[in-house]
2 protein chains.
Amino acid sequence: MNELPHPVPGAPATPPTGEAERPRAPASLHGELLVALRDYIVEGNLADGARVPERDLCERFGVSRTPLREALKVLASEGLIDLLPNRGARIRPLRPHDIHELFDVMGGLEALAGRLACEKVEEAEIAEVERLHYEMYGYYLRRDLHGYFRCNQAIHLAIVAAARNATLDETYRTLSARLRRTRYAANLDQHRDRWGQAMREHEAMLDALRRRDGRELSDILFLHLRNKQLAALDVHQGASDGAGALPQDETSVA
Amino acid sequence: MNELPHPVPGAPATPPTGEAERPRAPASLHGELLVALRDYIVEGNLADGARVPERDLCERFGVSRTPLREALKVLASEGLIDLLPNRGARIRPLRPHDIHELFDVMGGLEALAGRLACEKVEEAEIAEVERLHYEMYGYYLRRDLHGYFRCNQAIHLAIVAAARNATLDETYRTLSARLRRTRYAANLDQHRDRWGQAMREHEAMLDALRRRDGRELSDILFLHLRNKQLAALDVHQGASDGAGALPQDETSVA
DNA sequence: TCTCCTGTTTTTGCATTCATTTTTGGAGCC
DNA sequence: GGCTCCAAAAATGAATGCAAAAACAGGAGA
């Protein structure tokens, strides 16, 4: 395959990129292809509703149609593309309504994660969230969106991880992928009030987590996601440029 | 294909079975096969950890390996089977721990559904839930497990439907399918206290829904699922026979 | 100029084929 | 009797081939 992170024969199987990859079987061609295609789509290389032509992708990734079609079926079941009978695959359009739905469900899942995390979280995990929180606060003070987004995403993933529920984790990540396709390169400076509110909500989260108050953390997370949603939709509907200053893998929202 | 509800050429595309089917594309061979295979597995025709031999299934369903393998990839992404590289597919074992995780996530999703439903539910939907509730109460009084389970499942699906969130609905159904593979033919008479408690929880649900108290309905649903879980695990661990009196599509729990 | 029809090209869906890997069966040996 | 090793058989992973459906292009007719 051409554009895939081809494992060099002598190199270690897991490249030291430090990125926590999906535990999916990476040993088969269709498995690697699935990951590559998902990234390709999630990173926004194909526009809403665009055709996903098999032939082109086969050439691009240097594989035959069989494994590619298998990967497409899986991506369809993950909700990233639509398969039209006899008419090929299309990038599933993300209308504001779809984004709204996704944020609600992810809010529900994060709320659950918060509740479970409070039951099971260990001191070390709380410490890690605290560390990330204060690091994020630093970025907030410096108006560093790049760092802020990265920490923000890490915090939310840490809370989901602390719930110690693999099913939850996988469901959450699958839905995240759908959402990550949009380019919310939100200039939060233009939403400074929202940014400050998000920081305060994160303060409250950390406090609830420290006290292991599951119900409160659950509520905060759900409402936090709802507020996120408003900001995101605002940006999404308003701008298609988004001042594209952020690298693609950091297109989270506040 | 042999065992599939073969669409006769002259017949309408959607058979009037009255059953609300998934909105997935049913027009292609792999699409029908996916539904058929999913049902076949969900209905418990294959044991935990059993091999899923391609060749046998090809003969059983009368298709070649290509569409079958496509369907298997999708079922793996849905969590029903595991795909071992070069070693074929296995029915994903449902250990008590997995069941525990699934119940927690479904509890979170139902809690979300309750919250959203209270924001959007219409009078007619409440009336329908009420009708189902009292019908279920009748079955409870008559100790009719069959009817009770059916109504119970209908109520929970109605609440999820009332949330009017297609993403939530699909996620919920996918996880439900994983769980439905277990045969909880629980004889709730042996858990009469649990059965009564479940009825009371349903009373509280209906009350919260009537008052459109999202937070309370959310809490009740989450805890209701937790309690269900205990009963289910109790049954699951204790008996592998399950007195198999119930038809397979009614293996819900109280 | 627009619409409709038709023949061609492209694309999709599925079956078949080929290369590898795994599994199986048994002979030989301890 | 049990274990190891090796070869045959079977199963899997991927590529190719073929029929059918859809998209496209061009021209006739209004």
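Residue numbering restarts at 1 for every chain, and letters A, B, ... go by the order of the sequence lines. These numbers come from the heavy atoms of this one structure, side chains and all, not from hydrogens, waters or symmetry mates.
In this structure, A:E78 pairs ionically with A:R38, as a charged nitrogen and a carboxylate oxygen lie closer than 4.0 Å. Ion pair A:R55/A:E59 flagged as a salt bridge, since at least one NZ, NE, NH1 or NH2 atom sits closer than 4.0 Å to an Asp/Glu carboxylate oxygen. Under the 4.0 Å criterion applied to side-chain N and carboxylate O atoms, B:D56 and B:R60 are not assigned as salt-bridge partners.
Rounded to whole Å, the distance from CG on A:L57 to C1' on C:dT12 is 14 Å. Atom CD in A:E70 sits roughly 15 Å away from atom C1' in D:dT16 (whole-Å rounding). When rounded to the nearest whole Å, the span between CG of B:L72 and C1' of D:dT12 equals 11 Å. Nucleotide C:dG13 holds its C1' atom 12 Å from the CG atom of A:L83, rounded to whole Å. What separates NZ of B:K73 from P of C:dC14 is a distance of 15 Å, to the nearest Å. Protein atom CG of A:L68 is 16 Å distant from nucleotide atom C1' of C:dC14, rounded to whole Å. The nearest whole Å value for the distance from the CG atom in A:L34 to the P atom in D:dG13 is 14 Å.
Counting heavy atoms from C-beta on, the side chains of B:P93 and B:D82 come closer than 4.5 Å.
The side chain of A:V63 has D:dA15 as its nearest neighbour among D:dA15, D:dA14, D:dG13. For A:E54, counting side-chain heavy atoms from C-beta on, the closest listed nucleotide (C:dT17, C:dG13, C:dC14) is C:dG13. Among D:dG13, D:dA14, C:dC14, the nucleotide with an atom closest to any side-chain atom of B:R69 is D:dG13.
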Short N/O separations, protein against nucleotides 23-25 of chain D, under 3.5 angstrom:
| from | atom 1 | to | atom 2 | distance (Å) |
| --- | --- | --- | --- | --- |
| D:dA23 | OP1 | A:R87 | NE | 2.6 |
| D:dA23 | OP1 | A:R87 | NH2 | 3.3 |

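A donor N or O paired with an acceptor N or O is found under 3.5 Å between the base of C:dA15 and the side-chain atoms of B:T66.
Within the 3.5 Å criterion, the main-chain N or O of A:R181 finds no donor-acceptor partner in the side chain of A:E43.
Stacking of A:R226 on the aromatic ring of A:F103 is not recorded, the 6.0 Å distance cut-off and the 45° axial limit not both being met.
Contact annotation for A:R55: backbone-only contact, meaning every heavy-atom pair under 4.0 Å involves sugar-phosphate atoms and none involves a base.
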